[in-house]
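Reading through the structure tokens given below for one structure.
Since we're looking at a predicted model, the values are computed, not measured. Atoms within each ligand, like the ligands themselves, are counted from 1 in listed order.
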Amino acid sequence: MIRLQNVYKEYTGKPALIDVNLHIGLGEFAFLTGPSGAGKSTLMRLLYREETPNKGIVTIGGVNITRLSPRQVPLLRRRLGIVFQDFKLLPKQSVFDNVAYVLRALGVDEKDVKRRVSSALAIVGLEEEQLELPENLSGGEQQRVGIARAIVNGPPVLLADEPTGNLDPQTSMEIVQLLERISQRGTTVLISTHDVPIVNAMRKRVISLKQGQVVSDVDSGVYEIETTR
Ligand SMILES: Nc1ncnc2c1ncn2[C@@H]1O[C@H](COP(=O)(O)OP(=O)(O)OP(=O)(O)O)[C@@H](O)[C@H]1O
Ligand SMILES: [Mg+2]
């Protein structure tokens, strides 16, 4: 579902990703870990075409997204759910309207909007909060709204860059478990994180980046802890 082939990305001469090769299959759940500056966000931004690589190929669902025209980028984004560390909710709009936003922008019939938003809010457990403003919700609840918004259009791929970066450990675990439930419904999920306890508890695939390179990639893995010994 997600494939990177010999991907190289630099920012003004400084490499951020070096010869990255990666394949994440349909419905797979994987963590992307590594120290600050390792290239996690850069890799995510290549997947949602916020950036393009200097060399190599990125494909999503068999489509080479490095070659998309500007007009085709919104079509790609419709097939991706993206979850952000800082939630990026519209502060003056209700939970319902935040989740409905993309569907309405696509001109979806209001009856279908209602049905699909209700279904997404049920998955994240926020049916009761649909008329609230984001500011009246906890951080974990706000992130659930972000997840509902990401899945409302039924994307085959869900990308989350540090989705628990602003949350306490208990809430972080709940959010990651929610993302795992979503992957069990057939969505390919990639989560970047430095949260060692969560990665170790989940026993999922762990792809580790260091200085722009994939240094390990293991199934049912644990976070690579650097030792000086
Ligand atoms: N827009 C940019 N312009 C210039 N350099 C950048 C840009 N974005 C990232 N970099 C550099 O690319 C490298 C990889 O950064 P990236 O943000 O991908 O790392 P990260 O693994 O997400 O780190 P963090 O854990 O701190 O979020 C770093 O050296 C960073 O300074
Ligand atoms: Mg980052």
Side-chain angles (χ1 to χ4, degrees), residues 2-24 28-60 65-66 68 70 73 76-77 80-89 139-140 142-143 146-147 149-150 157-169 171-173 175-176 178-179 183 188-202 204-218 221-228:
I2 296 174
R3 194 182 288 278
L4 282 85
Q5 290 167 269
N6 306 108
V7 167
Y8 175 83
K9 172 69 183 173
E10 62 175 34
Y11 297 104
T12 54
K14 190 168 160 283
L17 291 175
I18 303 162
D19 199 29
V20 173
N21 289 284
L22 202 57
H23 176 251
I24 302 173
E28 228 188 303
F29 179 105
F31 287 113
L32 182 64
T33 64
S36 185
K40 303 181 295 296
S41 296
T42 300
L43 197 154
M44 290 287 189
R45 289 199 293 266
L46 292 177
L47 296 177
Y48 58 87
R49 252 302 289 259
E50 185 73 22
E51 301 279 359
T52 50
N54 301 92
K55 290 181 212 160
I57 297 172
V58 180
T59 53
I60 303 228
I65 65 160
T66 55
L68 298 181
V73 172
L76 164 73
R77 301 249 173 95
L80 299 175
I82 310 172
V83 175
F84 302 94
Q85 176 171 354
D86 59 356
F87 323 135
K88 296 202 193 300
L89 302 177
Q142 291 186 46
Q143 190 57 294
I147 293 168
R149 178 186 55 193
V157 176
L158 186 65
L159 304 173
D161 193 1
E162 306 263 6
T164 64
N166 291 346
L167 305 175
D168 64 65
T171 309
S172 296
M173 188 57 101
I175 290 293
V176 170
L178 170 61
L179 294 170
S183 88
T188 304
V189 174
L190 180 63
I191 303 175
S192 90
T193 184
H194 346 245
D195 196 321
V196 177
I198 284 187
V199 172
N200 290 351
M202 297 295 288
K204 293 289 186 179
R205 180 173 174 189
V206 182
I207 301 156
S208 306
L209 285 175
K210 197 173 165 190
Q211 295 180 342
Q213 289 180 293
V214 176
V215 290
S216 80
D217 183 349
V218 288
V222 292
Y223 203 107
E224 292 276 298
I225 307 285
E226 286 209 359
T227 59
T228 48

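No donor-acceptor distance shorter than 3.5 angstrom exists from the side chain of Arg49 to the backbone of Leu76, with no hydrogens or angles considered. With Arg77 contributing its side chain and Tyr48 its backbone, the two residues share a donor-acceptor pair below 3.5 Å. Formation of a donor-acceptor pair under 3.5 Å by the Glu51 side chain with backbone atoms of Leu43 is not found in this model. Checking side-chain atoms of Asp161 against main-chain N and O of Ser192 turns up no donor-acceptor pair under 3.5 Å. Using a distance-only test at 3.5 Å, with no hydrogens or angles considered, no donor-acceptor pair links the side chain of Thr171 to the main chain of Gly140. Remark: the backbone N or O of Thr52 is paired with a side-chain donor or acceptor of Lys9 at under 3.5 angstrom. The backbone N or O of Pro35 lies less than 3.5 Å from a partner atom in the side chain of Lys40, making a donor-acceptor pair.
The N/O atoms of Gly39, backbone and side chain alike, include one that comes under 3.5 Å of an N/O atom in ligand 1. Polar contact check, Gly37 against ligand 1: a nitrogen or oxygen pair lies under 3.5 Å apart.
Counting atoms of ligand 1 from 1 in the listed order, those under 4.0 Å from a heavy atom of Ser41 are 17 (O), 18 (O), 20 (P), 22 (O), 27 (O). Ligand-side atoms of ligand 1 in range of Thr42: 14 (C), 15 (O), 16 (P), 18 (O), range being under 4.0 angstrom from any heavy atom. With ligand atoms numbered from 1 in the order given, ligand 1 contributes 25 (O) to contacts under 4.0 Å with heavy atoms of Glu162. For ligand 1, the atoms closer than 4.0 angstrom to any heavy atom of His194 are 25 (O). Short contacts between ligand 1 and Arg45, defined as distances under 4.0 Å to a heavy atom of the residue, involve ligand atoms 8 (N), 9 (C).
If you check the side chains of Gln85 and Asn166, you find a donor sitting under 3.5 Å from an acceptor.
Checking Ser192 against the Mg ion (ligand 2), every N/O/S atom stays at or beyond the 2.8 Å cut-off.
In terms of protein heavy-atom proximity, atom 25 (O) of ligand 1 is nearest to Lys40 NZ, 2.8 Å. Counting protein heavy atoms only, atom 9 (C) of ligand 1 is closest to Tyr11 CE1, 3.3 Å.
Here Pro35 has backbone heavy atoms under 4.0 Å from ligand 1, and that is the only part of it that gets that close.
Within the structure, the closest approach of Glu51 to ligand 1 does not fall below 4.0 Å when heavy atoms are considered. Within the structure, ligand 1 has Ala38 among the residues with a heavy atom less than 4.0 angstrom away.
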- Task: Under the side chain to side chain contact (heavy atoms under 4.5 Å, CB included) rule, what do Glu162 and Phe84 come out as? Steps first, then yes or no, please.
- Result: CA-CA 7 Å; Glu162 306 263 6; Phe84 302 94; over 6 Å; no
